[in-house]
Structures are given as structure tokens and as C-alpha cells.
> 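Let me begin by handing over the structure; questions about it come next.
Everything numeric here is computed off the predicted structure, so don't read it as measured data. The sequence lines fix the lettering, A, B, ..., with proteins before strands; numbering per chain opens at 1.
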2 protein chains.
Amino acid sequence: MHAYTSSRIALPSQSAQVGVPGALDGAAPQPISFYPAGSEIYAQGEKAGAFYQIEFGAVRVYRLLSDGRRQISAFHLAGETFGFEADSTHHFFAEAINATGVRAIRLAADADVSRQLLPLALKGLTRAQEHLLVLGRQTAVERVAAFLLDMAERQGGLDPVELPMSRLDIGDYLGLTIETVSRVFTKLKDKGMIRLHGLRNVEIVKHDTLRNISE
Amino acid sequence: MHAYTSSRIALPSQSAQVGVPGALDGAAPQPISFYPAGSEIYAQGEKAGAFYQIEFGAVRVYRLLSDGRRQISAFHLAGETFGFEADSTHHFFAEAINATGVRAIRLAADADVSRQLLPLALKGLTRAQEHLLVLGRQTAVERVAAFLLDMAERQGGLDPVELPMSRLDIGDYLGLTIETVSRVFTKLKDKGMIRLHGLRNVEIVKHDTLRNISE
DNA sequence: CGGGATCTTGATGTTGATCAAATGCGGTGG
DNA sequence: CCACCGCATTTGATCAACATCAAGATCCCG
């Protein structure tokens, strides 16, 4: 078991306001906040008044049990949004995995925001429910295969895939230990299905075989 | 391993339109459809054009792996809503657990619907993400304890709790086998934490102890 | 009252967790 | 550019929790 002490490495610094493509329509452009690796973006229990769009970097959203067990419910990459909540209170923690730039978008209770947020919320809901199948019913190998394919797809099929997170993060996302994740990587490598160019750089060699594994 | 053949026991019959309290504001009242126990409400891949409000009964929403492994992502009870999707295609199956009456609410792409659907989607998202923690990081006993408390809470603290679903359903919701679910029930009973009045009628004796178990 | 389905209980097997140690990657400073 | 150091990762040995396989016991419903 591991302990996750809240790091609070540094407060985010705010940049001057910069025009960036990909911002949500209709929302007033917001300045970017920078978060160093490992720093907290928000904590469970905090008041929520905004959601966030990632300009660069990567974010983990997670929940803790009182004894320190951690479940990462989602990773978010550049271009993705996260942080919307049901009742204006954060139910999860969010941390920058690496140096990350985030645009906070204030919530207004108007119909426009609803209309824009709804598809994002629904997409997140589908993703979470699909991940339930992985955690509830798939083996370690199937979980890792599904994870790698998901990361590849979300990076636009970029090959090799760049994993922004550690093995510990992957384990806490897949409901596995770091050792099991490592063993599965090794097994996939030995079977020639992936190739590792550095710890966080994975080339998917046999896309189809991997897809078959994850069903 | 179990197989889940699609039942399609019967097509739902439609009642005459009846005024029922609890329908969503602003939506035109819709007739109720009746689904017998085990019948399909919608299937994965089907076109989605409505969402559903349960008048009475209970519904399971689930996904299957190709070899038949099943993960129930959510149970829905009377008064609850389900079936909204990100891209007008159903990504899951929904079945009536028992004889169930459902009000289908057609989707219009207007702002009003967005505003009403958003909180429901966000609530569902939070629930799904919390369930990820259960499936990824909790033991069998913790899972069952959390499940019982959740069911109790959703029935308004009604004691004893009425479980509309089988042990198999509970197992497929909690990522456990039917045998493990049964053994945990027995253990909780032997420790005096719950009392069973019939298979599907559970009295929670030690609420706090159960809460401590599930963290 | 009978019979099938559901649930419980028992014996054994397997997967992944845990405990422990070695390896090697990546960043730093010389 | 290279050597060193700390930490993440890998690898190995053992253990525990839950799954699987196999009977029984109950419930429920006609």
C-alpha cells in the first residue's frame, strides 16, 4: 500500500491572457494557469466553480480511501476538459501529472453553458462506464491492452505512444499494482506485441492482436 | 462463466396516457411502457432517441464482453432516469429486472432539455466514478457493504432494504462471482451486521459498522 | 406437492498482491 | 561528454483473496 500525501508543490502561476485555439465557443477567453508536475489542481471537498481545459500536459483525477488506496478515475490529455461537478463541490482530486497548462472556464448557469457541457458530461459518463467493465471483469493483460489502445487512440494514432504517467499511475487507473503492470508490459514486449523505446514510449507493433486481447 | 442471451421476452405494451407526478418539467407527458421481468429496454448499438424515467420496478444497465462476461454499470430504481447517451447511439444494454413501468421522454435538441439533462448526467458521472473506486480498489466485503448502504440510501433509509435483483446481478455489478457475494452475505449475517428476511429482504442492523467497512 | 431455478456451502485452483532484492533509466554535476 | 546517484522499474519468491468446480439446500411458483 502507498500513501499519497497532498503535494501542493506550488501555486499555479498565471500567464498573460493568450489566444489559444480550441477554447470553448462563446466562453470568454481565460488566462492559462501553469501547474508543475505533481501539483494539485483541486481537492475533494473544495468548492467547484469552473471546469478546465488542458492546453498542454496531462492530469489525473482520482479518489482516495481513508487508508490511502487510490483509484484514478481518468487521465486527461491536452485538448480535453475535466472538472465539472454535479453539485458545485469537487468529489475528486485533480493533479497535474507533468508540467501542465490549464484554462479555467468559469461556470455561468445559463443555457449556453448547459448545452456545451452536456456532450462533455455524456462523453465522460460513457467513458467511465466503459472503464467499469475493465475494472470489474477484465484480466490484468486485458486491462493493460485496453489502456494502451486507448492512449494510442487519444493521441490520434501517433506511434509510438507517449505515456505521460508513471507505472504507479497506470496501476492505480487499472486497479492493479505497479508490479503487475510491469510484468504485463514485459510479457507484451516478449511476445512482440509492443516495443519499449524508453520507459514511457511505447510502440504498438501488433495493433490487431492487442485489440483482440482487450476484446 | 455465464452466458446472457438476449431475452426479448415480449414487446412492451403501452398504457393510455396517465398523469403521473415526478415527470420532468417542461417535457410533454408521455405514456408509460410496461416491461416484464428480464425484457430488454434497449440494446447496445441501437439508435437512442429518448431517455427514460422509471415509474415502478427496477432496471439494470450493462455491457458484455464477447465471451459473455457481464458488467452491470448501474441499477436504476423507481423515480430515477437513465438512457441518455453521448452520440445518439446506445453504448449499453438496459433490461427490466422485474415488472417495470417506464416513461420514455423524447429528446429535443433545445436548451431546455440540455439544462434538465445536465444535472442528471453529472450525477451519473459522479456515481460511475465512485463505483470505479469500488471495483478498482475495494475488497469483496467492502464492495458488498457499500452496495447495501447505497441501496438503503436510495430507498430513503427504508429498513429493511428490498433488493430487486438476484445475487448474479449483484455479482456482476460488484465485479464478483455469485458465490463470493453469497459468502459475504453469510459472513455479514453471522457477524450480526445484517439480518436476512427472505433472500431479497435485508435488514441493516449495524449501519455504522457497515459504513466503516466500506470506508 | 413437485420441480426447476436460485442460493449456499465446501474443496481446490489461479490470478494478482505482497514482500524483497536487483537493475537500469534519466537527470546532475564534474 | 561521461560518471554518479537516486528513484522508478523490473524481476523473483511466496502468499492471500477470490474464482472455479462441485454438491447440497431452499425458495418459489405453478
> For side-chain hydrogen bond (donor to acceptor under 3.5 Å, both in side chains), just list the numbers for B:S88 and B:K47, CA-CA rounded to whole Å, side-chain angles, deciding distance to a tenth of an Å, and then say yes or no.
CA-CA 6 Å; B:S88 75; B:K47 190 93 182 132; 3.3 Å; yes

> Report which part of the nucleic acid A:G171 touches: base, sugar-phosphate, or nothing (heavy-atom distance under 4.0 Å, all strands).
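Result for A:G171 = nothing.
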
> Kindly give the heavy-atom pair with the smallest separation between B:L77 and B:P164, and that separation in Å.
CD2-CG, 4.1 Å

> Give a yes or no on whether B:R106 atom CZ has more than 12 heavy-atom contacts from other residues, nucleotides or ligands under 6.0 Å away.
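For B:R106, atom CZ is not crowded (no more than 12 foreign heavy atoms under 6.0 Å).
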
> Quick one: A:I178 CD1 to C:dC25 C1', roughly how many Å, whole number?
14 Å

> Between A:Q155 (side chain) and A:E162 (backbone), is there a donor-acceptor pair under 3.5 Å?
yes

> Compare side-chain N and O positions of A:S182 against OP1 and OP2 of D:dT11 and report whether any pair is under 4.0 Å apart.
no

> Does the side chain of A:T177 get closer than 4.0 angstrom to OP1 or OP2 of C:dG16 through an N or O atom?
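So the side-chain polar atoms of A:T177 never come under 4.0 Å of the phosphate oxygens OP1 or OP2 of C:dG16.
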
> Figure out the CG/P separation between A:L199 and C:dG24, and round it to whole Å.
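It is 12 Å, rounded to the nearest whole Å.
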
> To the nearest angstrom, how far is B:E179 atom CD from C:dT9 atom P?
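Computing the B:E179:CD to C:dT9:P distance gives 13 Å.
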
> Can you tell me how far P of C:dG24 sits from CG of A:N201, to the nearest Å?
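To the nearest whole Å, that distance equals 19 Å.
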
> Which one, C:dC7, D:dA19, C:dA17, comes nearest to the side chain of B:T180?
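In terms of side-chain proximity for B:T180, the closest of C:dC7, D:dA19, C:dA17 is D:dA19.
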
> Counting distance alone, no hydrogens or angles: does the base of D:dT26 have a donor or acceptor under 3.5 Å from a partner atom on the side chain of B:R200?
no

> From D:dT9, C:dT8, D:dA19, pick the nucleotide closest to the side chain of B:R167?
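Looking only at side-chain atoms, B:R167 lies closest to C:dT8.
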
> Check the distance between D:dC27's C1' and B:L168's CG and give it to me in whole angstrom.
17 Å

> How close or far is atom P of C:dT6 from atom CG of B:D172, stated in whole angstroms?
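Between P of C:dT6 and CG of B:D172: 13 Å.
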
> Counting only heavy atoms not in A:R211, do more than 12 sit closer than 6.0 Å to its CZ atom?
no

> Kindly say whether the aromatic ring centers of A:Y42 and A:Y52 come within a distance under 6.0 Å.
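Ring centroids of A:Y42 and A:Y52 are less than 6.0 Å from each other.
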
> For B:L174 and D:dA19, give me the distance from atom CG to atom P, rounded to whole Å.
11 Å

> What's the NZ-C1' distance between B:K187 and C:dT9, to the nearest Å?
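About 14 Å, once rounded to whole Å.
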
> Which one, C:dG16, C:dC7, D:dT9, comes nearest to the side chain of A:S166?
D:dT9

> I want to check a possible cation-pi pair here: A:R60 against A:Y173, using under 6.0 Å from ring centre and within 45° of the ring axis as the test.
no

> Contacts to DNA chain C from residues 130-143 of chain A, heavy-atom cutoff under 4.0 Å, which residues?
A:T139, A:A140

> Taking 4.0 Å as the cut-off, does a side-chain nitrogen or oxygen of B:R183 come that near to OP1 or OP2 on D:dC18?
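For D:dC18, OP1/OP2 do not have a side-chain N/O of B:R183 under 4.0 Å.
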
